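Below: one structure, written as structure tokens.
Computed over heavy atoms, backbone and side chain alike; hydrogens, waters and symmetry mates excluded. Fair warning: this is a prediction, and the values are worked out from it, not measured in the lab. Protein chains get the first letters and strands the later ones, always in sequence-line order, with residue 1 at the start of each.
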Amino acid sequence: MDTNTTPTPERSDFVRDIVASDLAAGRVDGVVTRFPPEPNGYLHIGHAKSICLNFGIASEFGGRCHLRFDDTNPIKEEQEYIDSIMTDVRWLGFDWGEHLYYASDYFEQLYEWAVHLINAGKAYVDDLSADEIREHRGTLTEPGRESPFRSRSIEENLDLFERMRAGEFPDGARVLRAKIDMASGNINFRDPVMYRILHAAHPRTGDDWCVYPSYDFAHGQSDAIEGITHSICTLEFQDHRPLYEWFIENLPVPSTPHQYEFARLNLTHTVLSKRVLLKLVREGHVRGWDDPRMPTLSGIRRRGFPAEGLRDFAGMIGVARADSVVEIEMLEHAVRDVLNRQAERRFGVIDPLKLVIENYPEGQVEQLEVTNNPEDPGAGTRMVSFSRELWIERDDFMEEPPAKYFRLAPGREVRLRSAYFVTCTDVVKDASGQVIELHCTYDPATRGGSSPDGRKVKGTLHWVSAPHAIPAEVRLYDHLFSEPFPGSEGRDLFDDLAPDSETIIAGAFVEPSLAEIPVGQTVQFERLGYFCPDPDSTDGALVFNRTLTLKDTWAKLQAQSQGR
RNA sequence: UGGGGCGUAGCCAAGCGGUAAGGCAGCGGACUUUGGAUCCGCCAUCCGUAGGUUCGAAUCCUACCGCCCCAGCCA
């Protein structure tokens with residue numbers, strides 16, 4: 001047997017093709033990737049695509065993937081973000097093992113390399129202000145002009161750079177620039193800034209430094225130090241690739257990584273921009289980074305989406321170089337697919353209507369066996385209390401049902417799931433005409449939910465026994481933005497925030513077993529959707545978040561008939 | 001008018017000179033103790049447009065059109 005074949009990736013895309021051919025051609029001995037977040041916010045589902053790509057490739061090709069914090073800007077970065085990022089990557093199901101790194105680990109080495117470039121006459125200290133540098137940079141169509149400080153002697157540059165590090169100058173007084181080509185069509189080559197002065201405390205290095213390397217001067221070299229073979233990033237860094245390579249070629253780095261770019265994820269009805277997400281949090285449009293409506297991994301987790309669904313989704317959407325916007329329905333499909341297979345079923349009534357079974361003995365309670373998950377026999381069954389007074393869904397009754405309405409109506413017989421057939425005999429209303437109670441009779445021969453005489457019913461309803469049910473708060477979630485492309489066509493992004501993205505229902509009733517479901521587990525409330533306990537739950541007050549609804553053919557029919 | 005990319009169905013995406021995978025959505029139907037799930041069928045004579053090369057082109061060439069990114073001491 002050949003035990004040394006090249007591992008076969010489970011999916012194919014242009015990045016995996018490159019990795020496979022590099023391995024096959026012997027251009028690399030093994031694959032090393034990295035996920036390089038800047039700790040300036042929480043990870044969102046766009047990052048999940050990148051995480052799945054980088055960690056996925058590493059595991060498929062028998063390599064490894066590093067987690068490296070790109071922490072070169074202390075002004076925006078915080079330990080809280082570092083902690084949340086590690087939690088989120090682990091939750092998504094990936095493990096960086098021993099390979100946890102920080103760009104800040106390399107600050108001393110980076111500084112030495114900057115000195116190397118100065119000595120080679122390829123970097124200089126510029127005294128121009130930020131505004132002046134911008135003016136000298138030229139425009140997209142006009143070349144830039146060289147800084148008057150560009151021809152400083154190596155000695156003077158060395159001295160000045162050392163004094164920058166020593167803290168002799170205020171923020172913004174000087175920068176270190178690479179000396180490349182002020183006339184380049186690629187603006188990144190117009191003497192890019194390598195170091196800037198920032199008298200700011202860094203989450204990891206504290207006050208050790210007051211000069212910090214820019215992204216361009218840190219990223220490629222960090223990759224080289226770690227022996228990264230394939231440095232995968234998003235499309236907007238394409239123009240930086242020549243600069244990435246320039247530093248690698250002009251510095252005595254220990255390896256030569258290569259950069260590849262793919263299109264970032266965009267999703268309808270949401271926004272994946274750290275800037276906007278931060279604003280949603282800071283301005284209180286949502287309750288926090290982990291609000292269940294947020295596309296952050298922490299929000300998605302609190303919402304009840306399983307990590308497996310996100311991984312499946314990442315596989316479904318593929319990886320390519322064309323800008324694209326994925327319909328959020330695809331994500332929802334991936335999540336439902338996992339939940340349908342794995343979530344245990346329970347009974348919960350969100351908008352309760354009392355149902356009294358007139359011919360059921362008062363005070364009698366029986367235990368009925370209910371299947372936990374018809375998709376998974378291994379999930380077993382549970383016993384649920386049944387009694388004379390029940391709660392059913394208000395939606396499941398109509399006094400004057402339209403065609404194709406299969407549920408309860410006066411005189412109609414339906415099945416109470418796993419219990420009995422009941423027939424509606426009476427409708428009780430209050431003074432305003434609102435239905436407040438239904439009276440029914442049940443057929444004792446239909447125990448368990450099927451009729452020995454073969455009689456069929458069109459509708460099956462979920463229910464909870466009124467004396468046994470426990471009250472709960474239920475939070476219904478929907479897309480954060482009502483528009484598929486928030487802020488498009490000149491609209492203000494925040495005007496597109498959906499007013500009903502969250503609906504809080506205080507008076508729901510759920511079966512008692514739901515009190516035992518731990519935070520982090522998602523269950524299906526039969527016929528309604530998937531729900532999970534929110535961390536806001538307390539012993540006496542349960543709170544459930546609606547993860548997603550079930551697909552609802554009846555709702556679709558109604559929408560169609562109303563649309564006509 | 002500079003540089004770098006991208007254009008295959010409503011959406012995502014395979015395809016790499018031999019005659020358009022797959023998924024999502026949608027539409028029909030079967031089945032059903034969740035109007036869930038499942039199953040079956042339909043859904044690009046055509047690959048941004050126009051030319052050219054070739055026996056043969058989504059794939060090669062040319063021109064054009066459209067869209068995205070770049071002028072942070074952000075990443």
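- Base pairing of B:A13: no nucleotide in any strand meets the Watson-Crick or G-U wobble criterion (both distances under 3.5 Å).
- A gap of 42 Å separates the C1' atoms of B:G72 and B:A50, to the nearest Å.
- One finds the CD1 atom of A:I350 at 6.0 Å from the CD atom of A:E393 (value rounded to the nearest 0.5 Å).
- A straight line from NZ of A:K76 to P of B:A75 spans 8 Å, rounded to a whole angstrom.
- Mapping A:I187 and A:I75 onto RNA chain B via the closest heavy atom, the residue that lands nearer the 5' end is A:I187.
- Between the CD atom of A:E236 and the P atom of B:C70 there is a distance of 8 Å, given to the nearest Å.
- Considering only side-chain N and O atoms, A:R275 lies nowhere under 4.0 angstrom from the phosphate OP1 or OP2 of B:G72.
- One interatomic measurement links the two molecules: CG of A:D216 to P of B:A71, which rounds to 11 Å at whole-angstrom precision.
- Checking B:C42 for Watson-Crick or G-U wobble geometry (two distances, each under 3.5 Å) identifies B:G26 as its partner.
- Across all strands, A:V457 comes closer than 4.0 Å to no nucleic acid atom at all (heavy-atom distances).
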What does nucleotides 27-41 of chain B look like as a protein-contact string, B for base, S for sugar-phosphate only, - for none, at under 4.0 angstrom between heavy atoms? S-----BBBBS----
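- B:G36 takes the anti form, because its glycosidic angle lies more than 90° either side of 0.
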If you apply the rule side chain to side chain donor-acceptor pair (under 3.5 Å), what do you find for A:H66 with A:E226, and how did you get there? CA-CA 8 Å; A:H66 299 179; A:E226 294 175 21; 2.7 Å; yes
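- Distance from the side chain of A:I317 is smallest for B:C12 among the nucleotides B:C74, B:A71, B:C12.
- Atom C1' of nucleotide B:A75 and atom CZ of A:F35 are separated by 12 Å, given to the nearest angstrom.
- The gap from the P atom of B:A58 to that of B:G51 amounts to 14 Å, rounded to the nearest Å.
- Here the separation of B:U45 from B:A37, taken at their P atoms, is 30 Å to the nearest Å.
- As judged by a 4.0 angstrom heavy-atom cut-off over every strand, A:H462 is placed among residues making no nucleic acid contact.
- When Watson-Crick and G-U wobble pairs are counted only if both distances are under 3.5 Å, B:G51 pairs with B:C61.
- The side chain of A:H333 sits closest to B:G23 out of B:G23, B:A75, B:A71.
- Atom CG in A:D17 sits roughly 11 Å away from atom C1' in B:G15 (whole-Å rounding).
- Spacing between atom CG of A:L331 and atom P of B:A25 amounts to 12 Å, rounded to whole angstrom units.
- Under the 6.0 Å cut-off for aromatic ring centres, A:Y244 and A:H240 do not qualify, their centroids lying 6.0 Å or more apart.
- Nucleic acid contact for A:F237: base, since at least one base atom lies under 4.0 Å from a heavy atom of the residue.
- Checking B:A21 for Watson-Crick or G-U wobble geometry (two distances, each under 3.5 Å) identifies no partner in any strand.
- Counting distance only, with no hydrogens placed and no angle test, the side-chain atoms of A:H136 and the base atoms of B:A71 include no donor-acceptor pair under 3.5 Å.
- Across the protein-nucleic acid pair, A:Y102 atom OH and B:A75 atom P stand 18 Å apart, rounded to whole Å.
- With both ends at atom P, the span from B:C11 to B:C74 equals 38 Å, rounded to whole Å.
- Atom-to-atom, CD of A:E332 to C1' of B:C11 comes out at 14 Å; the value is rounded to the nearest Å.
- With both ends at atom P, the span from B:C70 to B:G18 equals 38 Å, rounded to whole Å.
- Taking a pair to require two hydrogen-bonding distances under 3.5 Å in either a Watson-Crick or a G-U wobble arrangement, B:C6 pairs with B:G66.
- Relative orientation of the A:Y195 and A:Y111 rings is perpendicular, given thresholds of 30° and 60° on the angle between their planes.
- The six-membered or imidazole ring of A:W463 lies near that of A:F386, with a centre-to-centre distance under 6.0 Å.
- Using a 4.0 Å heavy-atom distance criterion, A:G172 is classed as a base contact.
- Aromatic pair A:F544/A:F525: centroids less than 6.0 angstrom apart.
- Contact annotation for A:D239: base contact, defined as any heavy-atom pair under 4.0 Å involving a base atom.
- Using a 4.0 Å heavy-atom distance criterion, A:I328 is classed as making no nucleic acid contact.
- Looking at heavy-atom distances under 4.0 Å, A:V175 makes contact with a base.
- Distance check on atom P: B:U62 versus B:G5 gives 15 Å, rounded to whole Å.
- Here A:R137 does not reach the OP1 or OP2 of B:G2: none of its side-chain N or O atoms lies under 4.0 Å away.
- Comparing the P positions of B:C39 and B:C24 gives an interatomic distance of 10 Å, to the nearest angstrom.
- Among the heavy atoms of the strands lying under 4.0 Å from A:S129 is at least one base atom, whether or not backbone atoms are also near.
- Taking the nucleotide of RNA chain B with the nearest heavy atom to each of A:M316 and A:L198, the more 5' of the two is matched to A:M316.
- With salt bridges taken as basic N to acidic carboxylate O contacts below 4.0 Å, none links A:R137 and A:D191.
- Under a 3.5 Å cut-off, the side chain of A:R196 and the backbone N or O of A:P213 do form a donor-acceptor pair.
- Between A:F217 and A:F247, the gap from one ring centroid to the other is short of 6.0 Å.
- When atom types are taken as modelled, the side chain of A:H202 and the backbone of A:P74 share no donor-acceptor pair closer than 3.5 angstrom.
- Atom CD of A:E236 has more than 12 heavy atoms from other residues, nucleotides or ligands within 6.0 Å.
- Between the side chain of A:S488 and the backbone N or O of A:F485 there is at least one donor-acceptor pair closer than 3.5 Å.
- Distance check on atom P: B:C61 versus B:G7 gives 15 Å, rounded to whole Å.
- Candidate nucleotides B:C69, B:C24, B:C73 were compared by shortest atom distance to the side chain of A:A130, and B:C73 ranks first.
- Using modelled atom types, one finds a donor on one side chain and an acceptor on the other under 3.5 Å when comparing A:R34 with A:S231.
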What one-letter contact string describes nucleotides 5-10 of chain B from 5' to 3', where B marks a base within less than 4.0 Å of any protein heavy atom, S marks contact via sugar-phosphate atoms alone, and - marks no contact? SS---B
